[in-house]
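Shown next, in structure tokens, is the structure this report addresses.
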Amino acid sequence: MAVCLNTESAYKIFRILTNDKFFVDKSGIIEKINARINTSNRFLCVTKPRRFGKTSILNMLGAYYGSVCNSKELFDLLQISSCSTYLEHLNKYNIIKLCLNDLPDDGNTYEDYIELIKDSIIDDIKDAYPELSSKKFKKISDLLTATQEQFIFLIDEWDYIFSHELFAEHHSEFLEFLRNLLKDRPYVALAYMTGVLPIKKYSTGSALNMFKEYTMLKDPFFERYFGFTEDEVMDLCGRQSVLTMEEMSEWYDGYQSVNGDRLYNPRSVVCALEDETCQSYWTRTGKMDEVLFFLKYNIGDVRDDVVRMVDGFPIMIDIKKEYSAGQGEPTNRSDIYAAMIIYGLLSYCDGQLRIPNKELMLEFEEALKDDEFGYVAELVRNSEKVLNATLNKKGDAVAGYLHNIDNSELPVLKYNDENSLSCVVTLAYLSARNKYRIEREEKSGKGFADFIFHPRRKNMPGIILELKANDTPKTAIAQIKNKEYCDKLKREYVEKILAVGISYDVNRKEHQCIIEEI
């Protein structure tokens with residue numbers, strides 16, 4: 001039975017996917033790929049974070065192009081059926097599908113790994129072309145050429161040995177294997193590779209320089225097919241009656257295309273709809289998906305940035321060099337962020353770096369608890385106590401917790417700009433995000449409140465928090481009342497509202513806090 005040549009696996013997997021209640025039709029990408037077949041642009045490498053639909057697209061391509069199954073009935077119902085090239089390429093090609101995350105059961109060396117790949121291709125070709133089985137070929141490319149036919153290569157997780165740090169001394173050899181298999185070969189009608197890491201450019205003569213790459217940093221062409229658009233998520237929300245578009249946006253939005261379209265994490269969206277609840281579906285599949293793993297490389301340079309991003313502010317940075325396969329550990333601020341963008345941990349658009357959504361925010365909040373962050377970690381770990389002190393109207397206790405940051409070595413917490421005190425407050429109330437939707441500078445009543453805590457449960461009080469520098473907490477409380485900041489919470493039928501006034505004396509470096517029920 002064939003392992004990689006003209007198997008039915010892609011068709012069967014994609015057919016199951018189309019039966020899903022929350023299936024999203026991404027077949028429009030096929031029209032763009034059709035235009036690449038048998039052209040000099042027939043080598044495509046699409047690298048996106050895990051959980052962004054790469055394998056689903058690859059299986060769709062296998063089901064569409066593969067000659068082993070008649071998939072017309074399946075694709076007649078999809079967007080591609082209305083394209084002019086639909087029937088021209090439907091079920092017309094031999095497919096060689098390679099999943100490069102497969103490791104041999106009986107060996108753990110690079111030789112075992114690469115032989116498994118080679119043997120799969122050789123055995124399948126010789127079974128399909130028995131007239132070649134008795135002949136000897138020095139290279140797989142010679143064997144494939146001898147068939148006098150063309151093939152579409154679908155290669156999933158091309159970067160597996162790089163991202164999992166396997167066989168490092170053989171990485172160049174592996175790239176040469178792929179080059180010899182694909183480059184300048186007339187039997188290649190199309191080569192489509194997916195992975196997380198872009199191809200490393202060792203030189204201008206890189207082994208795989210024939211591939212056009214589409215990455216998280218550079219993809220104006222295919223990006224809308226990897227991730228759900230806002231319209232697609234809205235349609236999915238309409239297929240059920242539990243989760244709202246607002247909830248989905250808060251949890252899973254945050255990525256952005258070159259033309260400004262919002263992109264949502266597809267796997268998390270579908271999981272939330274299936275479970276009828278928004279929560280974190282972030283899957284940690286190794287150290288390279290850990291936020292703290294990257295931050296620890298250069299804590300001194302990035303921790304101020306992280307505090308600002310957790311507080312909701314973007315970081316302005318010009319990232320030109322991508323983090324790629326085989327690059328090694330990131331060492332400077334730019335490399336760290338480039339790696340985190342590639343892995344989907346941060347979003348980057350127009351020079352602005354952000355934490356994409358609540359799902360990822362939870363990962364950063366957890367990272368901030370690490371001792372590497374010093375007083376910030378202490379403040380975050382105490383955030384539940386700060387919330388409890390607030391709910392119990394213990395203003396002195398709240399002021400005491402905030403005062404502890406004065407010994408911090410972080411410049412961002414030194415009150416050297418108008419946002420510094422709000423950064424401290426954000427960290428101090430970090431655990432409150434589990435119980436409240438916290439909005440900054442929100443319009444309510446006759447002005448904009450510094451912070452409004454909207455309770456997620458009916459039995460929780462609402463909280464309005466106003467900050468004052470070189471003034472008194474009484475002034476802050478008076479402003480909350482006079483400008484009727486409680487108006488929005490009242491319209492949400494919140495029965496109990498706490499007004500929190502916090503002041504900071506820059507000269508004496510003292511905090512004061514008053515909490516009243518209004």
Side-chain angles (χ1 to χ4, degrees), residues 307-308 310-313 376 379-380 382-406 408 412-457 460-518:
V307 170
R308 288 190 180 278
V310 167
D311 197 34
F313 292 99
V376 170
L379 193 60
V380 171
N382 285 329
S383 62
E384 187 68 35
K385 296 178 182 178
V386 177
L387 176 61
N388 289 335
T390 302
L391 296 176
N392 290 314
K393 294 185 282 189
K394 296 180 179 179
D396 290 343
V398 173
Y401 284 121
L402 297 178
H403 185 72
N404 286 339
I405 58 87
D406 278 335
S408 171
V412 75
L413 303 184
K414 290 296 185 183
Y415 304 103
N416 55 1
D417 63 45
E418 61 183 6
N419 295 314
S420 296
L421 183 54
S422 67
C423 285
V424 176
V425 170
T426 296
L427 294 174
Y429 285 94
L430 208 56
S431 68
R433 293 181 178 181
N434 297 323
K435 299 174 182 177
Y436 290 89
R437 174 174 60 84
I438 303 176
E439 300 291 343
R440 289 192 53 196
E441 297 293 335
E442 185 174 22
K443 178 72 172 69
S444 185
K446 300 176 182 178
F448 293 84
D450 284 339
F451 290 87
I452 298 182
F453 291 52
H454 299 262
R456 299 185 186 276
R457 296 191 295 240
M460 297 290 293
I463 300 173
I464 300 172
L465 193 151
E466 190 68 22
L467 307 173
K468 292 293 179 184
N470 295 326
D471 209 325
T472 68
K474 289 184 178 180
T475 302
I477 296 292
Q479 182 172 322
I480 292 172
K481 294 177 179 178
N482 294 337
K483 293 195 174 184
E484 300 175 2
Y485 288 159
C486 60
D487 179 66
K488 204 159 194 175
L489 289 174
K490 287 182 177 179
R491 284 191 278 112
E492 294 172 358
Y493 303 103
V494 177
E495 296 181 0
K496 182 179 178 181
I497 300 174
L498 298 178
V500 180
I502 296 176
S503 68
Y504 177 69
D505 189 308
V506 176
N507 295 320
R508 292 189 296 174
K509 295 186 177 181
E510 290 182 354
H511 295 81
Q512 289 183 298
C513 177
I514 294 177
I515 303 172
E516 295 182 6
E517 184 174 342
I518 56 176

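Computed from a predicted structure; not experimentally measured.
If you take CG on Leu430 and CG on Asp311, they are separated by 10.0 Å, rounding to the nearest 0.5 Å. Summarising the geometry, atom CD1 belonging to Ile477 is positioned 11.5 Å from atom NZ belonging to Lys468; distances are rounded to the nearest 0.5 Å. Atom NZ of residue Lys446 and atom CG of residue Asn482 lie 8.0 Å apart, to the nearest 0.5 angstrom. Taken from CD1 in Ile480 to CD in Glu516, the straight-line distance is 9.0 Å, to the nearest 0.5 Å. Atom-to-atom distance recorded for Ile497:CD1 and Glu492:CD is 9.0 Å, nearest 0.5 angstrom. Distance check: Cys513 SG to Leu465 CG gives 7.0 Å after rounding to the nearest 0.5 Å.
The shortest heavy-atom contact between Val494 and Gly462 is CG1-N, 3.4 Å. Scanning both residues, Ser444 and Ile452, for their nearest heavy atoms gives CB-CD1, 3.8 Å. Summarising the geometry of Ile502 relative to Val425, their closest heavy-atom pair is CD1-CG2, 4.5 Å, with the distance given to 0.1 Å. Closest of all the heavy-atom pairs between Glu441 and Phe448 is O-CD2, 3.4 Å. Here the shortest heavy-atom pairing between Pro461 and Leu391 reads CG-CD2, 3.6 Å.
In this structure, the side chains of Leu489 and Pro455 come closer than 4.5 Å at one or more pairs of heavy atoms. Proximity of Leu467 to Ser422: side-chain heavy atoms (C-beta onward) are separated by under 4.5 Å at one or more points.
With hydrogens and angles disregarded, no donor-acceptor distance shorter than 3.5 Å links the side chain of Glu466 to the backbone of Gly501. At distances below 3.5 Å, at least one donor-acceptor pair connects side-chain atoms of Lys443 with backbone N or O atoms of Gly445. Proximity of a side-chain donor or acceptor of Arg456 to a complementary backbone N or O of Arg433 within less than 3.5 Å is detected.
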Start with the C-alpha distance between Ile463 and Leu387, add both sets of side-chain angles, then the distance that settles side chain to side chain contact (heavy atoms under 4.5 Å, CB included), and finish with yes or no. CA-CA 10 Å; Ile463 300 173; Leu387 176 61; 4.3 Å; yes

List the steps and the verdict of side chain to side chain contact (heavy atoms under 4.5 Å, CB included) for Ile464 and Cys486. CA-CA 7 Å; Ile464 300 172; Cys486 60; 3.7 Å; yes

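For Phe453 and Tyr429, the ring centers are positioned less than 6.0 Å apart. Ring-centre distance between Tyr436 and His454: not below the 6.0 Å cut-off.
Within a 6.0 Å sphere centred on CG of Asn392, other residues, nucleotides and ligands contribute more than 12 heavy atoms.
Here Asp505 pairs with Arg508 under the salt bridge (Lys or Arg N to Asp or Glu O under 4.0 Å) rule; sequence neighbours left out. A search for salt bridge (Lys or Arg N to Asp or Glu O under 4.0 Å) contacts involving Glu495 returns nothing, not counting sequence neighbours.
Residues Tyr485 and Gln479 have side chains that bring a donor and an acceptor to within less than 3.5 angstrom of each other.
Between Glu384 and Lys435, at least one side-chain nitrogen of the basic residue sits less than 4.0 Å from a carboxylate oxygen of the acidic one, meeting the salt-bridge criterion.
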